[in-house]
Amino acid sequence: MKKLEYDVVILGGGAAGMGAVRGALSQKVSVLLIEREASTGGVLNQCIHNGFGVQVFKRELTGPEYHEMYLEKLEGFDAMYETTVLDIDSENGILKAISTDGVYEIKYGALVLATGARERPFEALRIPGSRPSGIFTAGLAQHFVNLENHLPGRKAVIIGSGDIGLIMARRLTLEGVEIEGVYEIMPYQGGLTRNVVQCLKDFNIPLYLSTSVVRVHGRERLKGITVAKFANGKPVDGTERFINCDTLIASVGLISENDLVEKNIEISSDGGAVVDDLMRTNVDNIFAAGNNICIHDLVDFVTVEGEMAGRNAARVAKNEKMAKRIGIFKKGKGIRIISVHYTTASDPFKMYVRVDHPMNVCTLRMNDTNLKTVLNAKPSEMIELTFDPSKHNLKGNLVLSATEVKR
């Protein structure tokens, strides 16, 4: 077994991981990046559409362009590619990993978790019927089309209206695939409004709300599906409709990738790593950033979080004294997701929240303090909040709520 030692070790080479590398390097420490793929970039490499980089680079880029431009900012770090972490001993600051050239034991001063998220599989929906070929997650279909130049089929239906599914509706249409429609079980869209407009409306692809797949047909290859209207989470009798298709693409959400560390750190009820405003977990020398905390809308948000996590991890590795937590954020009425759970109130910081249902006008509050009024708040779109400790009482229980304003 080969032994290594670094000040900061970063798991994951996507947007959060690259941000963490940059943040750690700014503190003049030794940095090791561990990535299971053959290169950095993560999902950016297959996202050939634009919409990235508006905040970080002040210009609109494709995923590969964003990756390459950010990678140019990084130098002076070590990396292990095609490497899988086997175990983390958080008490002793040691992890074990296996690479193409053997097993490693790596000692770290601080660890940054930038492991991202994985797609929720179609099987999780428990839809009756067979499981023939022709059923894909949206990300897998994207990988086939954009990186391997393969079409998944000729006539497709998309279940779920997450952003990747919306983007693939457009992408497949451009490649000549007929998209019969996008079916969303909720009464509202699951992706960003701009993607509904640019990917569906601009290409005359219908979006059916409160409607989903209730049966899959076919043995070796998908022959079709049956959809139905839904009310109160159940299909409505008499609304079933058969659709002839050879491809079904599932865009039904992402799951934060924390299986490796769930025994080491506190995990929220949503499955994300629980962090404070320093991006620090409940273990003092373990930090997290990006989609393994909660699912973000923009890669720019993920990168900025990564930079903060890497910078603060490096400070811990140098034995700098870090602020203690003095307040805890809790989800109140109308809030589904929060990105920061604790605060040290040491410096101004940003956090992101999602409401739990659409609101035309909503007021965000912390305890009895109004924070922000938001127009057209949707569960699919993150709301950014900025906290300045000098302007807020950030001690004790801090309950965030979203209340719809009646007009």
Side-chain angles (χ1 to χ4, degrees), residues 51 54-55 117 120 160-166 182 184-197 199-200 207 209-212 230-233 251-256 267-277 290-302 304-305 327-343 349-388 392 394 397-407:
V54 174
Q55 295 199 14
R120 179 173 284 107
S161 59
D163 286 309
I164 306 176
L166 300 178
V182 177
E184 171 58 59
I185 194 170
M186 300 301 290
Y188 49 82
Q189 68 199 47
L192 296 172
T193 298
R194 74 178 188 197
N195 285 332
V196 172
V197 173
C199 300
L200 300 188
L207 170 61
L209 300 176
S210 299
T211 311
S212 192
F230 274 70
N232 300 317
S251 180
V252 291
L254 300 171
I255 301 170
S256 295
I267 302 294
S268 73
S269 59
D270 305 306
V274 172
V275 297
D276 58 26
D277 51 26
N291 284 344
N292 62 335
I293 294 174
C294 65
I295 307 306
H296 292 60
D297 290 345
L298 301 179
V299 71
D300 303 66
F301 294 162
V302 168
V304 172
E305 282 187 354
I328 176 172
F329 288 105
K330 295 186 175 183
K331 292 185 290 186
K333 180 181 178 182
I335 298 294
R336 182 166 68 92
I337 295 290
I338 58 175
S339 64
V340 173
H341 295 80
Y342 296 94
T343 177
F349 65 95
K350 291 182 180 180
M351 71 180 298
Y352 306 100
V353 303
R354 292 185 190 273
V355 295
D356 63 8
H357 67 280
M359 304 182 200
N360 289 328
V361 181
C362 84
T363 299
L364 291 170
R365 299 170 62 85
M366 183 184 68
N367 294 345
D368 296 325
T369 302
N370 288 346
L371 299 175
K372 193 172 189 177
T373 298
V374 180
L375 302 179
N376 297 318
K378 300 179 179 67
S380 60
E381 300 184 4
M382 280 184 140
I383 301 170
E384 181 180 309
L385 298 175
T386 300
F387 289 94
D388 184 341
H392 297 282
L394 296 177
N397 290 331
L398 308 167
V399 180
L400 291 170
S401 62
T403 305
E404 187 162 15
V405 178
K406 302 298 183 181
R407 291 188 171 181

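Any value given below was found using the heavy atoms of this structure, including those in side chains, with hydrogens, waters and symmetry copies removed. Remember, it's a predicted structure, so these values are computed and weren't measured experimentally.
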Sorted by chain and number, sequence neighbours left out, salt bridge (charged side-chain N to carboxylate O under 4.0 Å, His left out) with Asp356 holds for none
Sequence-distant partners of Arg120, side-chain hydrogen bond (donor to acceptor under 3.5 Å, both in side chains), two or more places apart = none
Drop me the distance from Leu200's CG to Leu207's CG, to the nearest 0.5 angstrom.
-> 6.0 Å
Is it true that a side-chain atom of Asn367 and a backbone atom of Asn397 form a donor plus acceptor pair closer than 3.5 Å?
-> yes
Nearest-0.5 Å distance that lies between atom CG in Asn360 and atom CG in Leu375 | 9.0 Å
Residue list, salt bridge (charged side-chain N to carboxylate O under 4.0 Å, His left out) with Asp276, at least two apart or on another chain | Arg280, Arg325
Approximate separation, where rounding is to 0.5 Å, of Ile293 CD1 and Ile337 CD1 | 12.0 Å
Quick one: ring pair (Phe, Tyr, Trp, His ring centres under 6.0 Å) pairs with a partner in residues 362-388, sequence neighbours left out?
-> Phe329-Phe387, Phe349-Phe387, Phe387-His392
Which residues pass the ring-ring contact (aromatic ring centres under 6.0 Å, His included) test with Tyr342, sequence neighbours left out?
-> none
Identify, with sequence neighbours excluded, every residue that meets side chain to side chain contact (heavy atoms under 4.5 Å, CB included) alongside Asn370.
-> Thr363, Arg365
Who passes side chain to side chain contact (heavy atoms under 4.5 Å, CB included) against Asp300, sequence neighbours left out?
-> Gln55, Val56, Tyr66, Leu298
Distance col, row Met359:CE vs Asn376:CG, nearest 0.5 angstrom, shows 12.0 Å
Residue set satisfying side chain to side chain contact (heavy atoms under 4.5 Å, CB included) with Lys372, at least two apart, ordered chain then number -> Leu364, Val374, Ile383, Leu385
By salt bridge (charged side-chain N to carboxylate O under 4.0 Å, His left out), Asp297 pairs with (sequence neighbours left out) Arg354
Residues at least two apart in sequence or cross-chain that pass ring-ring contact (aromatic ring centres under 6.0 Å, His included) with Phe230, listed by chain then number, are none
Can you sort out the partners of Asn291 under side-chain hydrogen bond (donor to acceptor under 3.5 Å, both in side chains), two or more places apart, ordered by chain and number?
-> His296
Pairing residues for Thr193 by the side chain to side chain contact (heavy atoms under 4.5 Å, CB included) criterion, not counting sequence neighbours | Gln189, Val197, Lys378, Glu381
